[in-house]
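For reference, the structure is listed below as structure tokens.
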Amino acid sequence: MTLINFLQFNPIAFIIFCGVLGLLVGSFLNVVILRLPVMMERQWQEHYQESQADTQSEPQQIFNLITPRSACPQCGHTITALENIPVFSYLFLKGRCSSCDKHIPLRYPLTEILTCLLSIAVAWHFGFSWQAAMALPLTWALVSLSIIDFDYQLLPDSITLPFLWIGLLLSLFNVFTDSHSAIIGAAIGYLSLWSIYQAFKILTGKEGMGYGDFKLLALFGAWLGWQNLLSVILLSSLVGAIFGISMILLRGRDKNIPIPFGPYLATAGWITLLWGDKIIVAYQNWAGIT
């Protein structure tokens with residue numbers, strides 16, 4: 001019996017497998033979250049220097065998601081394989097670097113645990129299916145996008161655009177929705193937030209959100225269809241309002257500091273991916289719509 005057949009006929013094993021896979025992917029997502037914004041900044045600098053005819057740029061060391069190897073930001077100690085086991089290495093090292101004894105940020109194991117739990121939820125909900133196989137990578141992408149946007153107010157095109165196109169391609173096979181709903185959903189998703197952005201800019205002279213938010217909602221339109229966009233928008237506004245007010249009340253966050261919308265869109269979109277139909281039915285029952 002192959003591994004695929006074993007997982008197909010053993011739901012618990014499939015859920016455990018996805019949880020372990022989520023831990024491993026979560027470790028890699030820590031690298032993506034840390035390095036991708038730096039890679040983008042370097043690329044922007046290179047493009048700027050190339051546009052300046054009189055500017056000679058020095059060659060930079062290779063820096064991508066693989067090279068150089070992960071190291072302690074405090075002392076430069078190269079992380080060994082045994083020190084890079086998701087969650088367990090953090091617990092074994094008691095949250096400290098084995099070389100300089102400086103604290104390792106707690107967000108690293110938390111990201112791994114979050115990715116693990118979300119992967120388990122996807123496996124539990126969809127079971128062994130094409131929906132699960134596609135929803136898992138989307139879930140991992142949303143984790144990366146959320147944390148990067150929270151840190152840098154940035155939603156990288158290198159993540160959002162490929163998954164937008166993947167959603168449109170999946171609609172050809174009716175994995176989550178049909179092509180008609182996906183194409184309309186992608187267009188409405190982008191243009192709705194773009195219109196709000198333009199109106200807000202005209203009225204206030206300020207930019208209320210970034211273009212990455214438009215693309216992220218277009219992504220959900222492609223994956224879920226236009227029928228679920230209202231749920232995504234309402235849920236994201238609710239999550240954002242609760243979190244934003246909590247940050248202001250509990251931590252005294254300056255009201256003038258921008259609050260990224262991407263994490264709330266990602267949260268709402270992921271919830272809708274799993275339970276969108278139930279949310280719509282529950283709302284219709286509550287509103288008395290038949």
Side-chain angles (χ1 to χ4, degrees), residues 25 28-48 63-66 111 115 118 122 130-131 133-198 207-229 232-233 236 258 260-273 276:
V25 171
F28 177 70
L29 294 187
N30 280 321
V31 177
V32 174
I33 293 164
L34 180 66
R35 297 192 181 192
L36 185 56
V38 178
M39 292 165 56
M40 295 175 64
E41 183 178 0
R42 289 190 173 198
Q43 188 177 36
W44 295 334
Q45 290 175 349
E46 289 176 1
H47 290 168
Y48 172 76
F63 186 87
N64 52 42
L65 299 180
I66 300 175
T111 298
T115 308
L118 295 181
V122 168
W130 279 110
Q131 286 87 351
M134 296 297 102
L136 283 170
L138 177 61
T139 298
W140 303 333
L142 294 177
V143 172
S144 297
L145 287 171
S146 297
I147 300 178
I148 291 174
D149 196 32
F150 188 82
D151 287 341
Y152 300 97
Q153 287 75 60
L154 179 69
L155 292 168
D157 285 349
S158 56
I159 299 178
T160 53
L161 293 184
F163 276 91
L164 191 159
W165 287 108
I166 290 173
L168 291 174
L169 290 174
L170 290 177
S171 70
L172 295 174
F173 307 96
N174 292 327
V175 177
F176 293 102
T177 189
D178 60 273
S179 295
H180 183 267
S181 298
I183 294 171
I184 295 177
I188 292 178
Y190 187 93
L191 292 175
S192 59
L193 290 187
W194 179 85
S195 301
I196 295 173
Y197 164 87
Q198 294 295 342
E207 297 182 354
M209 62 182 71
Y211 277 69
D213 297 319
F214 315 159
K215 298 168 190 175
L216 182 55
L217 188 57
L219 181 158
F220 287 126
W223 280 72
L224 307 175
W226 64 268
Q227 299 90 338
N228 284 293
L229 284 179
V232 175
I233 293 174
S236 61
F261 191 48
Y264 314 131
L265 267 180
T267 301
W270 186 83
I271 292 173
T272 305
L273 176 69

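Residue numbers count from 1 along this sequence.
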(message) Minimum heavy-atom separation for Leu36 and Leu65, please, with both atom names.
(response) N-CD2, 4.4 Å
(message) Closer than 3.5 angstrom, by distance alone: can the side chain of Asp149 be matched with the main-chain N or O of Gly262 as a donor-acceptor pair?
(response) yes
(request) Please report the C-alpha distance between Thr115 and Trp140 in whole Å, then the side-chain angles of each, then the deciding distance to 0.1 Å, and finally whether the side-chain hydrogen bond (donor to acceptor under 3.5 Å, both in side chains) criterion is met. (result) CA-CA 7 Å; Thr115 308; Trp140 303 333; over 6 Å; no
(message) Does Ile66 have more than 12 heavy atoms from other residues, nucleotides or ligands lying within 6.0 Å of its CD1?
(response) no
(message) Contact between Pro37 and Asp151 at the side-chain level, heavy atoms closer than 4.5 Å - yes or no?
(response) no
(message) I'd like to know whether CZ of Phe63 has more than 12 heavy-atom contacts from other residues, nucleotides or ligands below 6.0 angstrom.
(response) yes
(request) Kindly compute the distance separating OG1 (Thr111) from CG (Leu29), expressed to the nearest 0.5 Å. (result) 8.0 Å
(request) Please lay out, stage by stage, how Phe220 and Trp270 fare under the test side chain to side chain contact (heavy atoms under 4.5 Å, CB included). (result) CA-CA 9 Å; Phe220 287 126; Trp270 186 83; 5.8 Å; no
(message) Using the rule side-chain contact (heavy atoms from CB on, under 4.5 Å), only one of Leu142, Leu145, Leu217, Leu219 pairs with Leu265; which is it?
(response) Leu217
(message) I'd like to know if the side chain of Ser179 reaches the main chain of Ser171, judged simply by a donor and an acceptor atom lying under 3.5 Å from each other, with no hydrogens or angles considered.
(response) yes
(request) Quick one: pull up OG in Ser192 and OH in Tyr197 and give me the separation to the nearest 0.5 Å. (result) 15.0 Å
(request) Among Leu155, Leu191, Ile196, Leu193, find the one that has a side-chain contact (heavy atoms from CB on, under 4.5 Å) with Phe214. (result) Leu193
(message) Restricting to non-hydrogen atoms, name the atom on Met134 and the atom on Leu170 that form the minimum distance, rounded to 0.1 Å.
(response) SD-CD2, 3.6 Å
(request) Compare every heavy atom of Ile33 with every heavy atom of Tyr152, then report the nearest pair and how far apart it is. (result) CE1-O, 4.3 Å
(request) Give, for atom NZ of Lys215 and atom CG of Leu164, the distance between the pair rounded to the nearest 0.5 Å. (result) 10.0 Å
(request) Could you tell me how the ring of Trp223 sits relative to the ring of Phe176: parallel (under 30°), tilted (30 to 60°) or perpendicular (over 60°)? (result) tilted
(request) Give, for atom CG of Leu154 and atom CD1 of Ile159, the distance between the pair rounded to the nearest 0.5 Å. (result) 9.0 Å
(message) Could you measure the distance from the CD atom of Gln131 to the CG atom of Leu138? Nearest 0.5 Å is fine.
(response) 13.0 Å
(message) Which heavy atom of Asn64 sits nearest to which heavy atom of Met39, and what is that distance?
(response) CA-SD, 3.7 Å
(message) If I compare all heavy atoms of Ala182 with all of Thr177, which pair ends up nearest, and what's the gap?
(response) CB-CG2, 4.0 Å
(request) Looking only at non-hydrogen atoms, find the nearest pair between Gly269 and Leu224 and report the distance. (result) O-CD1, 4.0 Å
(message) With heavy-atom distances below 4.5 Å as the criterion, would you say the side chains of Thr272 and Leu229 are in contact?
(response) no
